[in-house]
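Below is one structure; the comments refer to it alone.
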Amino acid sequence: MSNDRIDNKLKEYPSVWVKFAVMAVFILIMIFLGKITLQFNEITELGVRLIKGALYGLITPSWETIIDLSKNGLLYMVLETFAIGFLGTIIGAVLSIPLAFLCSHRTAPRWVNVIFITLVTVVRSFPTIMIAIMFVKTVGSGPFAGVLTMSIGSTGMITKMTMEAIEDLDNGVVEALDASGCNAFTKIRLGILPQLSAAMLSNILYRLDINVKNASILGLVGAGGIGAALIVGIEYRKWNDVGALLWGIVILVLIIELVSTKIRKSISSKD
Amino acid sequence: MIKLEHVSKVYGNGTKGLDDVSLEIQNGEFVAIIGLSGAGKSTLIRTINKMIDITDGSLTVDGVDVSTLKGKSLRKFRRKIGMVFQSFNLVTKVSVINNVLTARAADMSFLRIFLGLYKKTDKVKALEALDKVGILDKAYIRADQLSGGQQQRVALARTLAQDPEIILADEPVAALDPVMAETVMDDFKRINKEMGITVLINIHHVDLALQYADRIIGIKAGKIVYDGPSSAITEDTLQTIYGRKLTDDEFMKEKK
Amino acid sequence: MFDDLIHVFVPRTYKLSNGKIVKEKVSKSPYIIIILILMVIGCGKIVGFNFSQLIKRGHFFFDMLKKMFPCNWSYWPMMKKAMLDTIIMSILGSVIGCVVALPVSFFLSANFKISKVITVSSRIVITLFRTLPIMVFACFFQLLFGMGTFTGTLAISVFTFTICTKMMYEYIETVDMGAYEAIQSTGASRIKCIWTSIWPQVKGYFFSTVLLTLETNVKSASILGYVGAGGIGIVLDSQLSLRKYSNLGLVVLVMTLTVVALEFLARYGRRKLSDV
């Protein structure tokens with residue numbers, strides 16, 4: 001009797017073979033993709049020598065570059081990279097506030113949402129390197145072009161995050177203000193901004209992290225920062241310079257990450 | 001047989017969990033441990049399967065010195081001791097039967113667990129365990145969709161699927177409502193009587209302890225202050241254990 | 001007027017009718033705002049921020065766009081392979097990076113009390129690598145493996161690995177350890193406990209991390225071609241230096257659409273995963 005019941009239940013045990021089949025197909029697809037794209041090169045003796053030199057450069061960074069306080073020195077380049085990331089984030093944050101409200105269905109009509117969401121999505125997905133190139137053509141090479149690039153890029157990202165934060169908000173307050181006959185501006189000022197500021201600040205700090213890191217590659221197309229010197233260093237195999245520059249990036253990004261994590265934690269613990 | 005001789009436990013921060021505890025528990029007993037929270041009930045239960053190390057004295061289970069066990073021998077030893085927790089400790093995102101099957105994990109190869117290829121005998125065992133606690137029909141539901149009482153019975157089934165000789169239960173009914181608490185306690189009692197499994201249970205509610213257990217151990221500040229049959233407990237002994245009059249909080253049902 | 005201004009910095013005190021004196025809470029925000037403004041000015045000086053130049057020459061930005069669009073559709077067959085490479089490099093890199101990161105992140109979580117020395121030192125190493133931009137990895141691997149998609153995939157894998165590891169071990173540390181303890185008490189080994197109790201709790205987050213990294217990787221993979229690590233970046237660079245702007249337009253268009261499409265797919269996937 002009881003055995004029958006257990007046998008019947010046993011038959012209901014879900015088959016694991018479906019799961020296996022999905023896994024197998026996935027692995028096969030990955031292998032297939034690898035087969036059609038990846039071409040394996042032999043590791044050359046030259047390559048090994050180069051990478052050894054590079055690694056040696058990392059542990060023996062050039063002190064000349066580190067203590068050089070001129071515009072070609074590490075300190076200035078690190079500072080410039082930071083400035084690009086920082087200004088880019090600030091400008092992006094400022095621009096994103098009105099955009100986020102235009103994108104959210106809570107604060108703007110549908111047709112406005114559609115227009116601005118499309119705009120922000122396109123801007124966000126537009127290749128950063130292309131924006132940088134276009135700004136270099138516009139204002140000339142240098143960190144200013146970098147700042148403009150970063151601003152556009154982070155506007156897209158911060159708008160998206162702010163928009164999501166607006167969507168997650170508690171609707172009660174806004175409804176209450178609606179009921180008391182407030183206009184859109186008052187609704188935003190009194191009902192949404194106070195709730196939003198913590199989430200926004202945290203998003204902006206998170207973005208600062210990423211932006212400073214990304215600012216170090218803008219030099220690739222002449223948009224300032226530490227990247228240009230890095231590329232030159234690698235091209236001419238000046239490994240000690242490269243080592244110094246990489247340590248510069250590491251320490252800069254680490255400090256910003258530490259500070260921003262700390263502030264973000266204190267924000268979230270206040271809630 | 002569980003045998004503690006002059007067992008002490010001092011935590012890293014200096015607090016005494018257990019203070020010179022000696023006791024013997026025979027196979028097949030139903031023992032309830034009562035006392036204030038922080039008196040050392042959890043510590044006592046957890047030293048028996050070495051979830052907590054003792055700092056002094058000797059602790060043997062069926063003649064095996066527990067403090068010498070580690071690695072493989074400890075894991076082998078733990079297989080015959082089941083454990084039930086206050087917060088059920090189920091894997092919430094997984095079906096009930098797979099939760100019960102985790103109890104068999106110790107005996108299976110890692111490859112089987114990794115792939116989720118459980119043997120038929122293990123599945124049958126898991127279903128039988130679920131049947132014993134009366135929730136066979138819930139076998140394929142996700143554990144977090146069950147009520148608290150049902151979840152605790154899944155946890156009990158998980159322990160049964162392990163074929164234990166001893167069940168340690170740490171406040172198993174504290175998170176349940178009175179009706180559910182009694183059903184779960186009934187399950188414990190039945191398991192103890194029908195299968196002869198030793199049950200050692202920490203319990204906050206004095207009335208349940210007196211109703212179900214054959215033997216009561218009262219702990220106060222890490223020391224045993226009462227050890228004897230539940231029938232011999234009086235108001236006075238309870239007052240020594242708790243150091244004060246009992247409050248409503250110590251009763252699951254209305255105080256008589 | 002001046003009175004109000006000073007109270008931005010000095011908290012007001014009020015005397016209530018019952019004689020109690022109430023002090024306003026000291027607000028930090030005016031100081032923070034002043035620091036921020038000073039930083040903005042300082043950074044503006046460093047980068048040579050020049051608003052009038054932007055206004056005066058701003059039309060060049062749009063001139064470039066005008067030259068790129070309408071784009072040259074017939075260029076598609078020539079760039080198809082490079083674009084596909086970029087996408088596949090990102091997919092493979094994200095998957096490989098995350099799959100390798102998974103066991104490592106279990107190893108690095110503080111939950112399981114694995115040797116503290118090893119945990120902390122490995123975390124430091126990974127953190128150091130995480131601060132580097134993907135391009136640096138690409139440059140270094142290019143030295144060893146030469147130009148091509150293999151280098152790019154490797155760079156993306158390593159980059160993804162550093163990010164995914166951190167996200168995962170931070171998440172694993174927030175997971176409920178009750179079930180782990182329960183299974184441990186049955187005498188199962190650590191790895192069995194992890195697989196039966198922790199993995200079911202973190203797998204949803206893991207899969208959405210894979211999607212998230214894929215989304216960002218497709219975007220960053222486009223620059224890898226610049227340093228010889230395969231993909232669409234090479235095409236972008238060559239068409240730019242040849243001043244074939246209408247070809248460039250198509251490249252940019254396809255890249256943008258790919259990123260948009262992936263973002264939608266990833267968002268859809270993450271929503272599906274939210275309850276796994």
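Worth knowing before you read on, the calculation uses all heavy atoms, side chains too, and leaves out hydrogens, waters and symmetry mates. In what follows, chains are A, B, ... by sequence order, proteins preceding strands, each numbered from 1.
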Checking side-chain polar atoms at under 3.5 Å, does Tyr11(B) have a donor or acceptor matched by the opposite partner on Thr43(B)?
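There is such a pair between these side chains.
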Parallel, tilted or perpendicular: which describes the rings of Phe30(B) and Phe188(B), with under 30° parallel and over 60° perpendicular?
perpendicular
Going by the angle between their ring planes, with limits at 30° and 60°, are Phe150(C) and Phe145(C) parallel, tilted or perpendicular?
perpendicular
Heavy-atom proximity to chain C below 4.5 Å, by part of [X]:
| X | answer |
| --- | --- |
| Arg158(B) | side chain |
| Ser87(B) | neither |
| Phe110(B) | both |
| Ile113(B) | both |

Do the numbers put Arg267(C) on top of the ring of Phe264(C), so that NZ or CZ is under 6.0 Å from the six-membered ring centre and no more than 45° off the axis?
yes
Residues in residues 177-189 of chain C near chain B [non-hydrogen atoms, under 4.5 Å]
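At a heavy-atom separation under 4.5 Å, chain B is reached by Gly178(C), Ala179(C), Glu181(C), Ala182(C), Ile183(C), Gln184(C), Ser185(C), Thr186(C), Gly187(C), Ala188(C), Ser189(C).
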Which of residues 118-135 of chain C get closer than 4.5 angstrom to chain B, counting heavy atoms alone?
none
Is the number of heavy atoms from other residues, nucleotides or ligands within 6.0 Å of [atom1] ([X]) greater than 12?
| X | atom1 | result |
| --- | --- | --- |
| Met147(C) | CE | no |
| Ile191(C) | CD1 | no |
| Lys81(C) | NZ | yes |

Give a yes or no on whether a salt bridge exists between Arg190(B) and Asp187(B), defined as a side-chain N under 4.0 angstrom from a carboxylate O.
yes
Sort out for me which residue in Val175(C), Leu102(C), Ile194(C) forms a side-chain contact (heavy atoms from CB on, under 4.5 Å) with Trp199(C).
Leu102(C)
Measuring from atom SG of Cys98(C) to atom CD1 of Ile163(C), what distance do you get when rounded to the nearest 0.5 angstrom?
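Answer for the SG-CD1 pair, Cys98(C) versus Ile163(C), is 9.5 Å.
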Go through the steps to decide whether Thr213(C) and Phe159(C) satisfy the test side-chain contact (heavy atoms from CB on, under 4.5 Å), and finish with yes or no.
CA-CA 10 Å; Thr213(C) 53; Phe159(C) 180 76; over 6 Å; no
